[in-house]
Amino acid sequence: MDKFFRTIIIHKKMVLIIFLLAAIISAFLSTFVPVNYNMVDYLPKDASSTIGVKIMEEEFSGDIPNAKIMLTDVSIQEALEYKERIASIKGITSLSWLDDIIGLDTLTTIPLEFLDARVIENYYKNNKALISITVESGKELEVVKEIYELIGENNAAGEAINSAETQSMSVSEVLEAMMILLPIVIIILILTTSSWAEPLFFLSTIGVAILINMGTNIIFDEISFVTRTVSPVLQLAVSLDYAIFLLHSFNDHRTSNDPENAMILAMKEALPTVAASAATTVIGFMALIFMRFGIGADLGLNLLKGVIFSFLSVMIFLPVITLLFYKIIDKTRHGKLIPSFQKLGSLFLKLRVPFLILALVVVIPSFLAQSKAEFMYGLGSITAASRVGSDSSRIEEVFGRDHPLVLLVPKENPGTEADLCKDLSQLPHITNVVTYVTSVGSEIPAEFVPEEAYQQFYSDQYTRIILSTDTTEEGPDAFDTVQAVMDTAAKYYDAYYLSGTSATLYDMKNIVSTDTRLVNLIAIIGIFFVLLVTFRSLSIPFILIFTIETAIWINLSFPYFTGKSLSFIGYLIISTVQLGATVDYAILITNTYFQNRKNLRKYDAMRLTISNNLIAILTSAIILASAGFALALTSNNPIISELGILLGRGTLLSLAMVSFVLPALLLIFDKVIRKTSLNMKM
């Protein structure tokens with residue numbers, strides 16, 4: 001590595017140019033990376049709802065409606081005119097209204113009072129018309145904008161409208177989060193460094209890595225909106241430590257070496273520490289890749305790539321710009337701006353027992369509580385407090401609640417279909433069952449029915465049954481209804497597929513439940529082996545993982561004790577991110593303690609360890625927590641906002657556990673550690 005480091009130093013101007021060009025090109029390429037706002041696309045291909053949608057796309061004309069438009073103060077003729085204008089909007093693949101149900105001639109020639117009121121009032125009531133539309137995936141923002149221009153700024157709701165609202169929310173949120181986070185980071189770095197210029201070196205190094213990471217996303221077909229919003233902020237927060245350690249090491253070696261030799265020594269010293277820190281973080285992110293729900297792999301790959309680019313930027317780009325501009329650092333030196341923490345070691349040791357008792361008291365209730373937390377899987381919570389949420393409530397007040405499900409069963413005996421539909425209609429929360437045998441009648445031959453109507457319900461292989469429900473999109477009632485429909489279908493058919501928003505979220509719930517256990521297990525096992533190799537000890541990995549996992553359980557138990565639902569994305573991500581990003585604090589304390597333990601008694605060694613390392617841990621933790629709270633403050637998207645709160649709160653809990661509980665555990669198990677570790681001399 002010595003030869004490699006010297007080569008970098010010799011060709012520092014060329015290295016600088018390469019990195020800057022890569023950053024500029026990547027910044028340009030990042031504008032062409034497609035962003036996916038539809039979480040349904042990340043479900044496994046073998047999920048029942050996914051297969052159902054694919055079958056309908058291939059074999060049926062007309063998709064499942066994903067939005068509703070309510071027209072107010074309109075006559076029948078005006079509603080038909082609006083429908084025609086809405087149908088002309090590019091990106092709307094299908095739409096339906098009353099004329100598609102009872103026929104245009106019937107609607108325009110027969111007075112409404114002579115028609116079935118139960119049918120009419122589902123589509124036209126109190127001079128208000130409710131039109132169902134299907135918006136092409138990826139076109140939501142443009143389509144909804146045109147709809148609002150046509151009907152005004154109200155009275156549209158549904159999954160596509162929610163998606164459009166999500167897209168408009170996230171356009172500027174990355175920049176807003178950075179605008180809050182960067183001043184906080186700069187202030188923290190100024191307080192904890194010895195030069196006014198050093199924070200600029202740190203931020204430039206990680207900033208280049210972030211730009212390269214965002215630009216290289218062009219290799220993917222697309223990235224999720226969660227990844228685009230969260231990834232840059234998390235990459236800055238988890239990798240800034242690498243740059244701080246290298247530059248501090250460089251300053252230490254400069255007291256007895258010229259700048260170039262000091263940098264080579266610093267690079268050698270920093271490499272194993274930075275690599276070990278990056279490895280634990282990478283393992284946490286790698287665990288996300290094993291999720292069946294694709295958004296985990298999307299975010300995990302992006303963050304893994306980001307940490308690697310940050311590592312390379314710190315070990316190659318930072319030494320180069322430091323040697324080119326170190327005189328600026330020298331000219332901007334300042335004295336200590338924060339007091340010494342030397343006396344805090346004794347105070348923290350005095351508090352270790354109360355904190356350990358507190359941790360042992362809350363660990364089991366927290367573990368049980370976090371496992372029973374209620375989750376939200378859809379986008380409904382995102383728009384609940386927005387205009388879209390109020391529009392949805394307004395539509396429900398007039399026409400009632402209706403979330404459709406579509407059941408596909410093999411095309412077999414019409415009598416079996418009739419029996420199935422009869423059973424389905426008797427299920428709680430099923431308000432209407434529409435298929436050929438209920439709308440036309442099984443006794444009427446297909447040749448006497450218009451082909452267009454027949455193809456709405458039958459393909460070559462499948463029968464389509466449309467169910468109306470009065471539940472919300474998700475929740476106990478919605479999921480119980482989905483299960484009841486599938487149980488009923490299973491009585492008559494061996495194969496069946498259920499689609500619709502509630503069915504999709506039901507699949508998501510079941511898949512995520514499995515993913516959660518798998519991802520956590522992979523992350524814990526991976527980090528356990530890193531700790532095993534790092535410390536060559538059987539006991540230390542258990543102590544360190546217990547310390548951080550307890551902080552994670554406490555963090556994730558808050559929603560249960562406060563009676564609030566939690567976005568499943570926040571739960572999945574924080575379990576691995578908090579473990580991978582904050583276990584470094586525990587590694588630093590443990591490693592330093594056993595270095596001091598070689599020459600000191602255990603209490604003296606721990607006192608010195610806390611005093612000398614508290615500022616480093618505080619700096620890192622405050623930056624990571626600030627990143628989380630910046631996301632929470634700037635994002636109007638509850639998914640991102642909740643993730644930010646979990647990250648900020650979780651980091652502070654990990655800080656508390658490492659500062660108070662870990663020292664107590666290391667002191668208590670001092671003898672056990674010595675007997676279960678290789679070459680542990682004390």
Side-chain angles (χ1 to χ4, degrees), residues 1-23 189-190 192-213 235-236 238-282 306-334 530 533-534 584 587-588 591-592 595-596 598 612-613 615-616 619-620:
M1 294 307 296
D2 185 87
K3 185 177 180 180
F4 176 72
F5 292 151
R6 290 190 182 276
T7 302
I8 292 171
I9 301 305
I10 292 170
H11 300 287
K12 51 184 174 288
K13 290 185 179 179
M14 184 182 296
V15 171
L16 176 66
I17 293 171
I18 291 172
F19 268 84
L20 291 179
L21 281 175
L189 293 177
I190 287 174
T192 56
T193 57
S194 58
S195 168
W196 300 105
E198 281 186 10
L200 299 179
F201 285 73
F202 299 145
L203 295 175
S204 298
T205 300
I206 305 303
V208 164
I210 290 173
L211 288 175
I212 295 174
N213 189 40
Q235 185 180 344
L236 171 66
V238 302
S239 59
L240 196 59
D241 286 355
Y242 313 160
I244 294 172
F245 186 86
L246 178 67
L247 206 54
H248 281 189
S249 181
F250 170 69
N251 289 331
D252 291 340
H253 286 294
R254 280 198 62 196
T255 57
S256 56
N257 294 277
D258 63 82
E260 290 195 358
N261 284 325
M263 181 55 74
I264 291 172
L265 291 171
M267 293 166 77
K268 288 180 180 178
E269 184 178 72
L271 180 61
T273 303
V274 173
S277 178
T280 57
T281 308
V282 161
V307 171
I308 292 173
F309 282 129
S310 292
F311 174 77
L312 294 174
S313 185
V314 167
M315 297 307 303
I316 299 174
F317 181 68
L318 180 57
V320 165
I321 61 170
T322 302
L323 289 176
L324 287 172
F325 304 106
Y326 70 88
K327 291 182 180 179
I328 297 176
I329 296 177
D330 293 342
K331 291 178 181 178
T332 57
R333 295 281 180 195
H334 60 72
V530 170
V533 173
T534 301
D584 294 345
I587 291 173
L588 177 62
N591 193 48
T592 308
Q595 288 293 326
N596 294 331
K598 291 178 181 179
N612 290 343
N613 291 281
I615 186 63
T619 301
S620 177

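For reference, positions follow the sequence shown, starting with 1.
Contact check for Met267 versus Ile8: side-chain heavy atoms found under the 4.5 Å cut-off. Within the 4.5 Å cutoff, the side chain of Tyr242 has heavy atoms near those of the Val307 side chain. Using a 4.5 Å heavy-atom cutoff, the side chains of Arg6 and Met263 are not in contact.
Residue Leu265 holds its CG atom at 5.0 Å from NE2 of His253, rounded to the nearest 0.5 Å. Here the CZ-CZ distance, from Phe19 to Phe309, works out to 9.5 Å after rounding to the nearest 0.5 Å. Note that CZ of Phe311 is 8.5 Å distant from CD1 of Ile316, once rounded to the nearest 0.5 Å. Taking CG of Leu247 as the start and CG of Asp252 as the end, the distance is 10.0 Å to the nearest 0.5 Å. Note: His248 NE2 to Ser194 OG = 6.5 Å, rounded to the nearest 0.5 Å. Considering CG of Asp330 and CZ of Phe325, their distance stands at 14.0 Å, rounded to 0.5 Å.
The shortest non-hydrogen separation linking Leu189 to Phe202 is CD1-CD1, 3.7 Å. Across Val208 and Ala23, no two heavy atoms sit closer than the pair CG1-CB, 4.1 Å. Nearest heavy atom pair, residue Gln235 against residue Ile206, reads O-CG2, 4.2 Å. Of all heavy-atom pairs spanning Val274 and Phe245, the tightest one is CG2-CD2, 4.5 Å. Residue Ala197 comes nearest to Ile328 through the heavy atom pair CB-CG2, 3.8 Å, listed as atom of the first residue, atom of the second, then distance. Heavy atoms only, all atoms of each residue included: Ile9 and Pro319 are closest at CD1-CB, 4.4 Å.
Asn261 and Arg254 share no donor-acceptor pair across their side chains, judged by distance under 3.5 Å alone. In the model, Ser277 has no side-chain atom that pairs as donor or acceptor with a side-chain atom of Asp241 under 3.5 Å. Between the side chains of Ser313 and Thr205, no donor-acceptor pair is found at a separation under 3.5 Å.
Judged by distance alone, with hydrogens and angles left aside, the side-chain atoms of Asn213 form no donor-acceptor pair with the main-chain N or O of Ala209 at under 3.5 Å.
Just one residue in the list Ile18, Leu16, Ile17 forms a side chain to side chain contact (heavy atoms under 4.5 Å, CB included) with Leu20, and that residue is Leu16.
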Exercise for the section: Give the C-alpha distance, both sets of side-chain angles, the deciding distance and a yes or no for side-chain contact (heavy atoms from CB on, under 4.5 Å) between Ile264 and Asn257. Expected result: CA-CA 10 Å; Ile264 291 172; Asn257 294 277; over 6 Å; no

### Message
Between Arg333 and Asn251, is the side-chain contact (heavy atoms from CB on, under 4.5 Å) condition met? List the steps.
### Response
CA-CA 11 Å; Arg333 295 281 180 195; Asn251 289 331; 3.3 Å; yes

| message | Using side chain to side chain donor-acceptor pair (under 3.5 Å), reason through Thr280 and Asp584 one step at a time and then give a plain yes or no. | response | CA-CA 8 Å; Thr280 57; Asp584 294 345; 2.7 Å; yes

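Ring geometry for His334 against Trp196 counts as tilted: the plane angle lies between 30° and 60°, on a 0 to 90° scale.
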